[in-house]
Student: 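Here you go, one structure.
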Amino acid sequence: MELTKDKIIELLSSKDDSLFKMADKVRKEALGDEIHLRGLIEFSDYCKQNCLYCGIRRDNKDCTRYRLEPDAIIDLAKKAQGYGYKTVVLQSGEDPYYTVEKLEYILSEIKKLDLAITLSIGEKTMEDYAAYKKAGADRFLIRIETTDKDLYQRLHPNMDFDNRVRCLRDLKTLDYEVGTGCLVGLPEQTIESLAGDILFFKEINADMIGIGPFIASPNTPLADEKRNNFDLALRVMAVTRLILPDINIPATTAMETLHPNGRIIALQSGANVVMPNVTEGDYRKFYALYPGKICVNDTPAKCVGCITGKINSIGRHVSKTKGFHNKAKN
Ligand code: 5AD
Ligand code: FES
């Protein structure tokens, strides 16, 4: 549905829970009761960037760094396929160790498994994005984080808002399915700027939108900015669903960190995707964007069973398709 900026601000500012029911109805009409699972592989927490909110920022000396070799990543993708996943998401910090050649090898091997592949590895050149696409990547996630330009520049030293938008436009040009999204509850972020974020998602013609509450992370410059942003993040997500009825929206891990039933609540308020972790062992714990991350001591097998049970308990079911936004690709 079409909503003006003023109307969005009103919906975000209100305490009225009917927003969530409305978003749930819009999701059901556009997409039905299927939920898509994406197996998340966190393959490196080295990062050359220094985002003020992020636990794996370059200057965090208390972050235990690790990176998986290409064959180990491919092995995790094989296991994910064995658990029934149709998509894997390869996520890392911005780690130059993974050259285009290495990524081409990883992508082309995983492609042989008939999995859809989503990359979430940050800002690259158009040429690099084109090479990943050619090697087998189908989708790319890169959150804009905030469309408030001043706030963006303060939070992201040595980064440039316009370059981030350039990345999103290049990915669209290259025919990726493109995911973006924002953090909710950042210091000095306004309701008006969140409304601007939602309008930006529409303008950029996003295929997926991930909305996460900001969670203060120790050993970062924003460590003391503690607040519970769950309700507001849920509202931003629900309004996004009203405006973009048929896109893919995950119930984010950060939501479950702030509320014991956060993902199910999100699935009942507009979301249609969950991204369970398929990373193994201690790496789950080391990949700490924020504290209190869920499932750090669980196994990939446990998570797939756990979330499937929860999904079935609310009368929804796990899809057997790859879950592209563009239905012709499924
Ligand atoms: N709280 C919540 N989400 C965070 N991210 C990074 N740091 C935090 C934090 N402290 C999110 C960013 C990034 C995604 C991978 O993780 O939005 O895009
Ligand atoms: Fe990991 Fe529930 S999803 S234990």
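For reference, positions follow the sequence shown, starting with 1. Remember, predicted model here, so these are calculated numbers, not experimental data. Note that ligands are numbered from 1 as they come in the structure, with each ligand's atoms numbered from 1 the same way.
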Student: According to the interplanar angle, ranging from 0 to 90°, do the rings of Tyr66 and Phe286 count as parallel (below 30°), tilted (30 to 60°) or perpendicular (above 60°)?
Tutor: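 Tyr66 and Phe286: tilted rings.
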Student: Is it true that Glu42 and Asn277 share a donor-acceptor pair across their side chains at a distance under 3.5 Å?
Tutor: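 Yes - a donor-acceptor pair under 3.5 Å links their side chains.
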Student: So which heavy atom in the protein is nearest atom 3 (S) of ligand 2, and how far is it from that ligand atom?
Tutor: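 Scanning the protein heavy atoms, the shortest distance from atom 3 (S) of ligand 2 goes to Arg263 NH2, 3.3 Å.
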Student: Ignoring hydrogens and geometry beyond distance, is a side-chain donor-acceptor pair present between Asp16 and Ser18 at under 3.5 Å?
Tutor: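 Checked: Asp16/Ser18 side chains pair up, N/O donor to acceptor below 3.5 Å.
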Student: Under 3.5 Å, is there a donor-acceptor pair linking the side chains of Ser193 and Asp148?
Tutor: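 No, Asp148 and Ser193 have no side-chain donor paired with an acceptor closer than 3.5 Å.
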Student: Knowing that exactly one of Ile209, Val26, Leu19 qualifies, which makes a side-chain contact (heavy atoms from CB on, under 4.5 Å) with Arg241?
Tutor: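 For Arg241, the side-chain contact (heavy atoms from CB on, under 4.5 Å) check succeeds only for Val26.
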Student: Hey, are Asn248 and Asp207 close enough side-chain-wise for a donor-acceptor pair under 3.5 Å?
Tutor: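 On atom types as modelled, these side chains do not qualify, holding no pair under 3.5 Å.
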Student: So if I only count non-hydrogen atoms and take anything under 4.0 Å from ligand 1, which residues does that give, chain by chain?
Tutor: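 Contacting ligand 1 under 4.0 Å are Tyr53, Cys54, Gln91, Arg143, Glu145, Leu183, Pro213, Phe214, Ile215, Leu289, Tyr290.
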Student: Checking Asp246 against His325: is there a side-chain donor and acceptor pair closer than 3.5 Å?
Tutor: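 Present: a donor and an acceptor within the cut-off.
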Student: Taking the ring of Tyr97 and the ring of Tyr46, is the distance between their centroids below 6.0 Å?
Tutor: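 So the answer is no for these two rings.
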Student: For Ser217 and Arg57, test the side chains for any donor-to-acceptor distance below 3.5 angstrom and give the result as yes or no.
Tutor: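 Distance-only check fails for Ser217 and Arg57.
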Student: List-wise, which protein N, O or S atoms are found short of 2.8 Å from atom 1 (Fe) of ligand 2?
Tutor: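 The answer is Cys295 SG, Cys303 SG.
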Student: Decide whether Asp162 and Tyr152 meet the rule of one side-chain donor and one side-chain acceptor closer than 3.5 Å.
Tutor: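 Not at all, the side chains of Asp162 and Tyr152 share no donor-acceptor pair under 3.5 Å.
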